[in-house]
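Since this is a predicted model, take the numbers as computed values, not measurements.
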2 protein chains.
Amino acid sequence: MAASATRRRDWAKGANHALREAGHRAGGAREAVVELLSKQSCCLSAQELCDRLGEQGSNVGLASVYRALDLLHGMGLVQRVDLGDGNLRFEPIQPGGEHHHHAVCDSCGRVTAFEDERLESALERLAGRLRHSINAHEVVIHGSCGRCSSSSGAGA
Amino acid sequence: MAASATRRRDWAKGANHALREAGHRAGGAREAVVELLSKQSCCLSAQELCDRLGEQGSNVGLASVYRALDLLHGMGLVQRVDLGDGNLRFEPIQPGGEHHHHAVCDSCGRVTAFEDERLESALERLAGRLRHSINAHEVVIHGSCGRCSSSSGAGA
DNA sequence: CGTTAAACGAGAATCAGTCTCACTAGGCGG
DNA sequence: CCGCCTAGTGAGACTGATTCTCGTTTAACG
């Protein structure tokens with residue numbers, strides 16, 4: 001998917017630009033987080049980000065990862081994703097508004113991303129009806145993934 | 001709403017019955033949790049449940065609250081709700097399948113419940129398309145509530 | 001090149017949630 | 001009705017994710 005790779009690169013560029021605009025300096029740790037984040041197709045926990053950066057040779061402290069994520073989240077550049085396993089995950093918010101949601105398998109823990117046009121449009125219409133502006137929305141589905149459903153029935 | 005009060009009472013009765021069926025004894029703490037839970041119109045954290053039980057004179061340990069909630073969740077009687085503030089919340093699952101979702105105000109923290117038919121049907125159709133069974137789904141909306149939007153603009 | 005403060009890494013602190021353990025009490029046979 | 005057995009319970013220790021603190025590093029700017 002070349003298009004999506006381009007989009008991700010654009011996100012990193014935009015994020016760095018926004019940070020600069022907001023008066024933040026170009027710190028190595030934060031840039032490393034932005035860059036790594038931009039390469040992900042799905043959400044990642046702070047710990048995972050920190051570990052991967054370590055593997056790449058960038059010795060980034062966990063605190064710096066959280067700091068960067070918090071800042072990016074505050075600027076509306078990343079979304080926090082909470083899958084209910086006690087770990088927050090983070091993923092870039094594409095400027096176009098296009099995004100996906102997550103299905104969690106309660107048997108094996110696997111996380112699958114999905115998109116659904118109908119869901120998005122239902123949420124958009126909802127915005128008009130609620131006395132509540134919608135900056136972000138998160139949909140999490142629990143159940144069992146194809147693999148687990150077929151092997152162990154409707155796993156509990 | 002007399003109908004919803006009845007439904008909640010039914011939920012408590014059904015939950016206690018299901019517990020008995022599953023071979024569990026009638027313990028004071030668990031019954032207190034079920035009863036308190038059945039009186040709530042929206043989700044409550046374990047700590048809140050524990051505090052309220054304490055106020056009512058039932059000295060229930062936090063561990064017992066978690067134990068009860070875990071058991072009820074395992075039996076499909078309560079839903080875990082994660083609003084992204086680091087506290088899990090819990091609410092009864094009505095047997096009819098009818099339920100609501102939550103809108104969180106990022107300015108004041110207020111949580112509003114809402115229902116949306118279109119959203120539910122979009123999720124139902126989604127179930128057929130995904131290779132993933134849907135046991136539960138959770139939709140969380142972030143933004144600013146009516147009160148905050150009108151006073152401080154489109155809150156950050 | 002020197003100054004200044006933002007950004008950083010390491011580790012302490014915090015806090016929700018889980019686990020352990022000794023004690024209590026519900027259910028049941030005698 | 002009594003006593004046994006075990007599920008249920010409360011208190012508090014433990015765990016692990018996230019946040020805070022602090023001394024050091026370094027980007028930005030003159």
Side-chain angles (χ1 to χ4, degrees), chain A residues 15-37 43-75 78-90 109, chain B residues 15-37 43-75 78-90 109:
Chain A
N16 280 323
H17 183 70
L19 286 166
R20 189 59 64 101
E21 285 289 293
H24 293 284
R25 290 184 189 168
R30 192 154 52 212
E31 276 178 2
V33 170
V34 166
E35 195 194 328
L36 179 53
L37 216 42
C43 51
L44 227 49
S45 73
Q47 189 66 65
E48 284 168 333
L49 279 163
C50 188
D51 290 350
R52 295 209 193 174
L53 287 170
E55 285 162 19
Q56 290 177 14
S58 323
N59 187 23
V60 174
L62 186 54
S64 297
V65 174
Y66 277 110
R67 247 189 309 251
L69 290 171
D70 197 47
L71 184 57
L72 290 164
H73 178 247
M75 297 177 71
V78 311
Q79 176 176 17
R80 287 172 192 251
V81 177
D82 199 323
L83 302 180
D85 66 343
N87 291 40
L88 277 180
R89 286 143 207 257
F90 301 84
Chain B
N16 279 323
H17 183 71
L19 286 166
R20 189 60 62 103
E21 284 289 293
H24 293 285
R25 290 185 189 167
R30 193 154 51 211
E31 276 178 2
V33 169
V34 167
E35 196 195 326
L36 180 52
L37 216 42
C43 52
L44 227 49
S45 73
Q47 190 62 66
E48 284 169 332
L49 279 164
C50 188
D51 290 349
R52 294 207 193 177
L53 287 169
E55 286 162 18
Q56 290 177 15
S58 323
N59 188 23
V60 174
L62 185 55
S64 297
V65 173
Y66 276 111
R67 248 187 310 250
L69 289 171
D70 199 46
L71 185 58
L72 291 165
H73 179 247
M75 299 176 71
V78 311
Q79 176 177 17
R80 286 172 193 251
V81 177
D82 199 322
L83 302 180
D85 66 344
N87 292 41
L88 276 181
R89 287 143 207 257
F90 301 85

On the nucleotide D:dG10, are OP1 or OP2 found under 4.0 Å from the side-chain N or O atoms that B:Ser64 carries? yes
Is there a side-chain polar atom (N or O) of A:Tyr66 under 4.0 Å from OP1 or OP2 of D:dT18? yes
Winner on side-chain proximity to A:Asn87, out of D:dA17, C:dA16, D:dG10, is D:dA17
Nucleotides 28-30 of chain D: which of its N/O atoms have a protein N/O under 3.5 Å away?
none

Result for 5'-nearest mapping on DNA chain D, choosing between A:Arg80 and B:Asn59, is B:Asn59
5'-most contact on DNA chain D (nearest-nucleotide basis), A:Gln47 vs B:Ala29, goes to B:Ala29
Checking all strands, does B:Gly23 fall into the base, sugar-phosphate, or nothing category for heavy-atom contacts under 4.0 angstrom? nothing
Length of the line joining [X]:[atom1] and [N]:[atom2], which is rounded to integer Å:
X: A:Asp85; N: D:dA17; atom1: CG; atom2: P; result: 10 Å
X: A:Arg89; N: D:dG16; atom1: CZ; atom2: C1'; result: 14 Å
X: A:Asp70; N: D:dC20; atom1: CG; atom2: P; result: 9 Å
X: A:Leu44; N: D:dA17; atom1: CG; atom2: C1'; result: 15 Å
X: B:Leu88; N: C:dC15; atom1: CG; atom2: P; result: 17 Å
X: A:His73; N: D:dT18; atom1: NE2; atom2: C1'; result: 14 Å
X: B:Glu31; N: D:dT9; atom1: CD; atom2: P; result: 9 Å
X: A:Phe90; N: D:dA17; atom1: CZ; atom2: C1'; result: 10 Å

Considering only heavy atoms from C-beta outward, does the side chain of [X] approach that of [Y] to under 4.5 Å?
X: B:Leu83; Y: B:Val81; value: yes
X: A:Asn87; Y: A:Asp82; value: no
X: B:Leu72; Y: B:Leu19; value: yes

Between A:Glu48 and A:Ser45, is there a donor-acceptor pair closer than 3.5 Å when you use the side chain of the first and the backbone of the second? yes
Got a donor-acceptor pair under 3.5 Å from the side chain of B:Arg67 to the base of D:dG10? yes
Just wondering, are more than 12 heavy atoms of other shown residues or ligands nearer than 6.0 Å to CD in A:Glu35? no
Presence of salt bridge, B:Asp70 and B:Arg80, under 4.0 angstrom: yes
Stepwise, does the side-chain contact (heavy atoms from CB on, under 4.5 Å) test hold for A:His24 with A:Arg30? CA-CA 10 Å; A:His24 293 284; A:Arg30 192 154 52 212; 3.4 Å; yes
